[in-house]
Amino acid sequence: MQDNYDSPGFEQAYTYTGSDLGATWTREETRLRLWAPKAAQVRVRLYRSGDPWASDLLEELPMEPDVRGTWRVTLPGDRNGVYYTYLVDGREACDPYARTTGVNGRRAMILDLASTNPRGWDADTDPHGGQPITDAVIYELHLRDLSLSHRSHIRHKGKFLGLTETGTALPDGTPTGLDHIKSLGVTHVQLLPVFDFGSVDESRPDLHQYNWGYDPMNYNVPEGSYSTDPFHGEVRVAEMKQMVKALHGAGLSVVMDVVYNHVYWAEDFCFNRVVPGYFSRPGSNGSACGNDTASERAMVRKYIVDSLCYWAQEYHIDGFRFDLVGLIDTRAIREAMDAVHAAHPNVLFYGEGWSMDTKLTRPDVRLATQGSSGELPGFGFFNDSIRDLLRGSVFYPRELGFVTGALPDADALRSCFMGVTPWACAPGQSINYVSCHDNHTLFDRLALALPGASREELIRRSRLAAAFCLLSQGVPFFLAGEEMLRSKPRGHGKFDGNSYRSPDSVNALRWGNLEEAEYRQTLRYYRGLIAFRKAHPCLRLQRREEIFAAITPISCANPHTLAFRIRGDGLRLLVIFHADTEDTRFPLPEGRWQLFIDGQRAGTEPLGSFTESLRVSPLTAAVLACPD
């Protein structure tokens with residue numbers, strides 16, 4: 001049955017370009033359209049509830065074949081709130097274009113989407129719209145991690161609404177939750193998957209299930225376990241919109257982590273049940289999830305493009321982070337960016353551009369890897385070079401990097417700081433990070449690499465890594481909790497490096513730690529780094545030629561020291577990264593230099609004035625400024 005999917009004749013005959021797939025609701029009628037070109041018979045089943053185990057069938061109606069392999073039916077009257085599935089040659093399936101579903105994503109729901117809009121939704125906008133991506137500071141957050149600790153004082157634990165609550169704080173007034181994120185100064189919150197995923201049973205909240213969510217079931221539906229009522233499809237839609245509006249109201253843009261490269265279970269995925277095997281590349285497992293998405297097929301590409309446009313339009317999403325985008329073809333990404341930007345020009349696009357082995361359905365397909373950055377202007381890629389050069393290879397937990405005392409390729413590290421990594425055509429294509437949800441947290445990775453180091457030493461090295469990332473050209477990105485020395489201990493000196501289904505006791509942010517001085521000081525340090533970056537446009541340049549004109553690496557006698565001169569904004573900046581365990585005396589150019597960042601403090605207020613030289617403490621970043 002799959003043999004002709006990739007023939008020119010199949011695509012010519014069955015590529016549907018309309019915008020009405022799924023359910024189109026009005027009070028007078030609902031129109032359903034499904035793409036099922038190989039089907040001999042299609043029927044729609046209407047249900048009273050979204051519970052897949054309930055015997056509450058209302059009626060079953062035939063659908064008529066129509067253009068380009070589509071089937072359609074018109075349901076008279078107001079069907080808002082009615083659940084439905086398709087029966088395709090005897091196979092029951094959820095609508096691939098479902099806007100919401102009942103519990104566990106088995107039955108789609110016809111929905112008046114406007115009725116789920118929070119008050120003031122029409123006026124809701126991206127607070128950073130129109131700013132270049134290099135102005136962004138991205139904070140990666142798993143929704144459940146934010147609120148599960150009882151010290152968070154968040155009422156809606158593990159829910160969309162937990163990220164709407166303000167005024168939550170520790171007894172000493174230290175903010176938690178949304179107020180904490182806002183006070184950090186980051187610009188964008190990137191949420192790990194919040195679409196409907198398959199690894200959590202939405203009907204059993206009492207089980208305290210945990211998963212990162214990289215196992216898609218329904219791409220256009222919010223995850224039900226994050227809602228207060230997964231049984232009624234309108235609730236998850238309304239509450240996710242409330243969350244987005246609350247984040248916007250706090251001055252934070254919203255980035256959605258999207259996983260179009262594979263699905264939870266290929267054989268059971270709704271698209272493949274409707275058109276057997278079409279959505280997935282036959283015999284391909286580059287994702288290590290048992291299936292890879294055949295994005296090079298016309299109707300899969302259309303599905304991805306339509307989905308991204310829908311999230312940007314209906315939920316006001318401000319950016320998309322693509323999981324394993326190196327498995328998606330460049331044409332699909334270009335068309336998605338063009339389509340989204342036609343209506344929402346400020347939406348950000350970036351992802352994991354690793355090169356992986358996948359079995360393409362055609363030989364002429366180019367994949368969206370780092371090496372394809374020239375074909376994807378405006379699309380950012382995670383910079384694994386800066387990560388590994390700073391802390392050691394992600395594949396070897398005890399390998400050392402610059403901040404742990406090794407001497408990696410200094411030229412490569414200088415290129416990373418300057419935002420001119422060879423594969424990046426512009427600094428905005430480099431997403432700079434030293435920790436994310438994958439692998440060990442920054443603090444745990446340092447502890448593994450240096451088992452004999454004192455806690456004070458590990459904290460100093462952690463801040464040094466943070467300073468390098470947050471002051472580099474490009475786009476800074478960090479894992480939620482990094483700013484408070486996040487750790488995921490497993491006991492016996494071990495740390496959880498793959499906590500995708502570990503319990504809340506491992507994953508939840510430990511807000512109570514902020515009552516201790518070392519955590520509060522690190523938090524203040526991150527706030528200061530972010531504030532300093534925001535205050536100096538010369539740290540956020542947009543073109544390579546600007547960077548080469550403004551930044552000059554400085555030759556240092558100590559191989560454990562990297563330094564740069566930066567000119568711009570009427571200032572000269574001197575940026576020093578000293579990873580040695582002994583202090584050093586650094587000569588200063590002529591002028592009176594004010595220190596703004598050292599190993600303990602950072603911000604926009606000067607910490608002292610210096611001429612001739614500066615003593616730089618061990619494991620310290622130092623940043624000074626002088627009028628030009």
Side-chain angles (χ1 to χ4, degrees), residues 132-142 186-193 212-214 253 255-262 286-288 319-328 330 333 336-337 347-356 367-395 401-402 408 412-413 415-442 445 465-466 468-480 482 497-498 500:
I133 189 172
T134 50
D135 282 0
V137 180
I138 303 171
Y139 186 78
E140 184 191 42
L141 175 69
H142 184 279
V186 298
T187 61
H188 291 67
V189 174
Q190 177 194 300
L191 296 169
L192 269 68
W212 284 343
Y214 292 92
S253 301
V255 176
M256 186 174 173
D257 196 333
V258 290
V259 189
Y260 293 110
N261 67 87
H262 73 275
S287 63
F320 297 101
R321 178 267 189 196
F322 287 73
D323 180 66
L324 301 184
V325 74
L327 292 173
I328 306 296
T330 54
I333 296 300
M337 293 177 70
V347 170
L348 305 185
F349 285 81
Y350 60 93
E352 295 179 299
W354 323 135
S355 296
M356 291 166 291
L367 295 173
T369 63
Q370 290 174 343
S372 301
S373 63
E375 300 176 38
L376 298 170
F379 191 97
F381 294 91
F382 281 92
N383 188 340
D384 52 332
S385 297
I386 193 171
R387 176 198 68 193
D388 291 352
L389 288 165
L390 285 174
R391 70 181 213 179
S393 170
V394 74
F395 300 110
F402 176 73
L413 199 48
S415 293
C416 286
F417 177 81
M418 294 174 67
V420 292
T421 300
W423 51 258
C425 299
Q429 287 194 300
S430 179
I431 309 297
N432 301 324
Y433 73 114
V434 283
S435 74
C436 66
H437 70 276
D438 279 326
N439 311 117
H440 293 99
T441 68
L442 172 60
R445 179 61 174 77
F468 197 102
C469 261
L470 282 163
L471 297 174
S472 291
Q473 301 291 329
V475 186
F477 170 108
F478 63 98
L479 173 66
E482 186 186 303
N498 189 23
Y500 74 100

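Heavy-atom basis, side chains included; hydrogens, waters and symmetry copies ignored.
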*Assess whether side chain to side chain contact (heavy atoms under 4.5 Å, CB included) is satisfied between R445 and V434, documenting all intermediate values.*
CA-CA 10 Å; R445 179 61 174 77; V434 283; over 6 Å; no
*Applying salt bridge (Lys or Arg N to Asp or Glu O under 4.0 Å), name anything that partners R321, two or more places apart in sequence or on another chain.*
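For R321 the salt bridge (Lys or Arg N to Asp or Glu O under 4.0 Å) partners, ignoring immediate neighbours, are D257, D323, E352.
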Side-chain heavy atoms of [X] within contact of [Y], under 4.5 Å:
| X | Y | result |
| --- | --- | --- |
| Q473 | S430 | no |
| L192 | E140 | yes |
| Y350 | V325 | no |
| D135 | T187 | no |
| I333 | Y260 | no |
| L327 | F322 | no |

_Using the ring centroid of each side chain, check whether Y214 and H437 are separated by less than 6.0 Å._
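Close enough - the centres of the two rings lie under 6.0 Å apart.
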*Using the benzene-type ring in the case of Trp, are the ring centres of Y433 and F478 under 6.0 Å apart?*
no
_Can you tell me how the ring of F382 sits relative to the ring of W354, calling it parallel under 30°, perpendicular over 60° and tilted otherwise?_
tilted
*asked:* Parallel, tilted or perpendicular: which one describes the rings of F349 and F379, with boundaries at 30° and 60°?
replied: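 Geometry flag for F379 against F349: tilted rings.
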_Is it the case that the side chains of N432 and S472 hold a donor-acceptor pair, with the cut-off being a distance below 3.5 Å and no angle test?_
no
Output the distance between atom [atom1] ([X]) and atom [atom2] ([Y]), rounded to the nearest 0.5 Å.
| X | Y | atom1 | atom2 | result |
| --- | --- | --- | --- | --- |
| L389 | F417 | CG | CZ | 14.5 Å |
| H262 | L324 | NE2 | CG | 7.5 Å |
| R387 | N439 | CZ | CG | 6.5 Å |
| N383 | C416 | CG | SG | 4.5 Å |
| L141 | H188 | CG | NE2 | 15.0 Å |
| S385 | L390 | OG | CG | 10.5 Å |

_T369 side-chain N/O to G326 backbone N/O, donor-acceptor pair under 3.5 Å_ =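 Looks like no, no N/O pair under 3.5 Å.
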*side chain to side chain contact (heavy atoms under 4.5 Å, CB included) assessment of L442 paired with L479*: CA-CA 9 Å; L442 172 60; L479 173 66; over 6 Å; no
*Taking all atoms of both residues into account, what is the closest heavy-atom pair of P193 and W212, and its distance?*
CD-O, 3.5 Å
_Could you go through D388 and V394, starting from their C-alpha distance and side-chain angles, then the distance that decides it, and tell me whether this counts as side chain to side chain contact (heavy atoms under 4.5 Å, CB included)?_
CA-CA 6 Å; D388 291 352; V394 74; 4.0 Å; yes
